[in-house]
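In what follows, chains are A, B, ... by sequence order, proteins preceding strands, each numbered from 1.
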Number of protein chains: 2
Amino acid sequence: METPDAFRPLDRETKASERPGDHKDELRLWLRLLTCSTMIEREIRRRLREEFRTTLPRFDLMAQLEKSATGMTVGEVSQRLMVSNGNVTTVVAGLVEEGLVDKRPAPHDRRVQVLSLTASGRRQFRIMAERHEEWIADLFAGLGGADLPALMRLLGTTKQSIQGAIRRAGAEAEEA
Amino acid sequence: METPDAFRPLDRETKASERPGDHKDELRLWLRLLTCSTMIEREIRRRLREEFRTTLPRFDLMAQLEKSATGMTVGEVSQRLMVSNGNVTTVVAGLVEEGLVDKRPAPHDRRVQVLSLTASGRRQFRIMAERHEEWIADLFAGLGGADLPALMRLLGTTKQSIQGAIRRAGAEAEEA
DNA sequence: TGCAAGCATTTTAAGCTTGAAATATTTTTG
DNA sequence: CAAAAATATTTCAAGCTTAAAATGCTTGCA
């Protein structure tokens, strides 16, 4: 029943590979990564609400649309944002309501809806985006000169590692 | 609002100060960090659902309780998990329903509710936790030997940077 | 003692999120 | 060409999340 971590010989200096079955270091890394992104997200949410009376999902959606000159389909946006299709549908509904986003059927395929920012949406997004960029810079201001590129590189490796693991898991499920 | 950061003397010894108004690198870093944590979260959610028919919020809550021998209050859990009190209330309700968590008023203060895992909850959590640890190790398996501690260190610095920025913002709001 | 202030938790209202089922359209194929 | 498969989006039910208001309890202090 009880064998709390505190009572195991917990030698953090030992490499994970030397402790078969023990992956506590990776777990600690994940928790720290999660803490960082949660803290940033919460703070950005708070500021978007206080300063612009809007939400992070709406801001993220507008950010995607702003990058595209010709508009994007629901599917493209949902893939980029890594959220479900249905999610895009509901968030877009709110933005259309507010006159920030335009939604119209594609000319050649009536299944497809093309989304784009309205003039008003573009204007409002530009204002928010500038503040947002300042907030992010402020949140990362404590990183030294070499830290930023180093972290960028390590997160790039991490991203590839994650993608590889997910692909492996998918391939495994395929074999059934 | 009156004095946007861009117009203040930005003397923070960082690279950012040498490029007034341009913080694209920090933004890119944030997006990459967010991508990593979103991908991991999605995958863990998916596996928890498929393999154990449970959700990430429930797993996280149980993980907190498992660490404490004597039980935790709603407030403690909400602080650790960085979610609202109301959130803990609803997630706990589901877990109590399933007989995984026990909830009872504290003996000396009837405002306080003490939460703890039931025997069944503890048993089930142990099984899930072991798999969870494997999943995480797998997701980070692509990182080289030196990468893990390096990333750990950089994320530590990042965490402090974020906490500092949030504290500064809070202090600023205080002055009103 | 009595009551104001503070605290812990729950409730509420609104919005986000998901996976799966349903709908509508296009493409493939027999 | 027509049926079937594939694709894009929406709807649905369930659950998560939040901030703010409400509830119920404790504590400090006059």
Side-chain angles (χ1 to χ4, degrees), chain A residues 34 37-39 41-62 71-98 100-101 103-115 173, chain B residues 34 37-39 41-62 71-98 100-101 103-115 173:
Chain A
L34 184 59
S37 84
T38 303
M39 288 196 308
E41 236 184 273
R42 277 171 65 86
E43 187 64 12
I44 297 299
R45 256 178 228 282
R46 198 181 63 70
R47 297 187 188 190
L48 281 175
R49 188 178 54 252
E50 303 219 325
E51 199 155 324
F52 298 113
R53 307 277 146 205
T54 192
T55 66
L56 188 52
R58 287 178 192 209
F59 179 82
D60 286 344
L61 185 11
M62 290 177 80
M72 296 174 78
T73 71
V74 171
E76 283 167 355
V77 172
S78 104
Q79 208 164 4
R80 283 308 197 92
L81 254 32
M82 298 194 281
V83 300
S84 68
N85 280 345
N87 188 356
V88 173
T89 297
T90 37
V91 175
V92 163
L95 289 167
V96 169
E97 176 87 17
E98 294 179 43
L100 301 170
V101 164
K103 169 177 159 182
R104 56 185 55 177
H108 301 318
D109 185 338
R110 277 185 303 174
R111 290 172 304 182
V112 176
Q113 299 287 328
V114 178
L115 310 173
Chain B
L34 183 60
S37 84
T38 303
M39 288 196 309
E41 235 184 274
R42 276 171 65 87
E43 188 64 11
I44 297 299
R45 256 178 229 280
R46 196 182 64 70
R47 296 186 188 190
L48 281 174
R49 186 178 56 252
E50 303 220 324
E51 199 154 324
F52 298 112
R53 307 277 145 206
T54 191
T55 66
L56 188 52
R58 287 178 192 208
F59 178 82
D60 286 344
L61 186 11
M62 290 177 81
M72 296 175 77
T73 70
V74 171
E76 282 165 356
V77 172
S78 104
Q79 207 165 5
R80 280 309 195 93
L81 254 32
M82 300 195 279
V83 300
S84 66
N85 281 345
N87 187 357
V88 172
T89 298
T90 36
V91 175
V92 163
L95 290 167
V96 168
E97 177 86 18
E98 294 177 45
L100 301 170
V101 164
K103 168 177 160 182
R104 57 187 54 180
H108 301 317
D109 186 337
R110 278 186 299 175
R111 289 171 305 180
V112 176
Q113 298 287 328
V114 177
L115 310 172

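At most 12 non-hydrogen atoms from other residues, nucleotides or ligands lie less than 6.0 angstrom from CD of A/Glu97.
Taking atom CG on B/Leu115 and atom C1' on C/dT9, their separation rounds to 11 Å, with Å as the unit. Atom CZ of B/Arg110 and atom P of C/dA8 are 17 Å apart (whole Å). Summarising the geometry, the separation between CE on B/Met72 and P on C/dA8 is reported as 14 Å, rounded to the nearest angstrom. Summarising the geometry, the separation between CG on B/Asp109 and P on C/dG6 is reported as 17 Å, rounded to the nearest angstrom.
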For residues 72-80 of chain A, which side-chain donor-acceptor pairs fall under 3.5 Å, sequence neighbours excluded?
residue: A/Thr73; atom: OG1; partner: A/Gly75; partner atom: N; Å: 3.4
residue: A/Thr73; atom: OG1; partner: A/Glu76; partner atom: N; Å: 3.1
residue: A/Glu76; atom: OE1; partner: A/Thr73; partner atom: N; Å: 3.1
residue: A/Ser78; atom: OG; partner: A/Gly75; partner atom: O; Å: 3.4
residue: A/Ser78; atom: OG; partner: A/Val83; partner atom: O; Å: 3.4
residue: A/Ser78; atom: OG; partner: A/Asn85; partner atom: OD1; Å: 2.9

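When the side chain to side chain donor-acceptor pair (under 3.5 Å) test is applied to A/Arg104, the partners found at least two apart in sequence or on another chain are A/Asp102. Every residue was checked against the side chain to side chain contact (heavy atoms under 4.5 Å, CB included) condition with A/Ala93, not counting sequence neighbours, and none meets it. With sequence neighbours excluded, the residues satisfying side chain to side chain donor-acceptor pair (under 3.5 Å) with A/Glu43 are A/Arg46, A/Arg47.
The nucleotide range of DNA chain D contacted by chain B, defined by atoms under 4.0 angstrom from heavy atoms of the protein and reported 5' to 3', is D/dC16 to D/dT26.
Residue-to-nucleotide proximity on DNA chain D shows that, of A/Val112 and A/Arg46, the 5′-proximal contact is made by A/Val112.
With contacts defined as side-chain heavy-atom distances shorter than 4.5 Å, the pair A/Thr55/A/Arg45 does not qualify.
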Subject >> Worked verdict on B/Gln113 versus B/Thr89 for side-chain contact (heavy atoms from CB on, under 4.5 Å) >> reply: CA-CA 10 Å; B/Gln113 298 287 328; B/Thr89 298; over 6 Å; no
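Considering all non-hydrogen atoms of both residues, A/Asp60 and A/Leu81 come closest at O-CD1, 4.0 Å.
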All N/O pairs under 3.5 Å across the protein-nucleotides 11-18 of chain C interface:
residue: C/dC16; atom: OP1; partner: A/Thr55; partner atom: OG1; Å: 3.2
residue: C/dC16; atom: OP1; partner: A/Arg58; partner atom: NE; Å: 3.4
residue: C/dT17; atom: OP2; partner: A/Asn87; partner atom: OD1; Å: 3.4
residue: C/dT17; atom: OP2; partner: A/Asn87; partner atom: ND2; Å: 3.3
residue: C/dT17; atom: O5'; partner: A/Asn87; partner atom: ND2; Å: 3.3
residue: C/dT18; atom: OP2; partner: A/Ser84; partner atom: N; Å: 2.9
residue: C/dT18; atom: OP2; partner: A/Ser84; partner atom: OG; Å: 3.3
residue: C/dT18; atom: OP2; partner: A/Asn87; partner atom: ND2; Å: 3.2

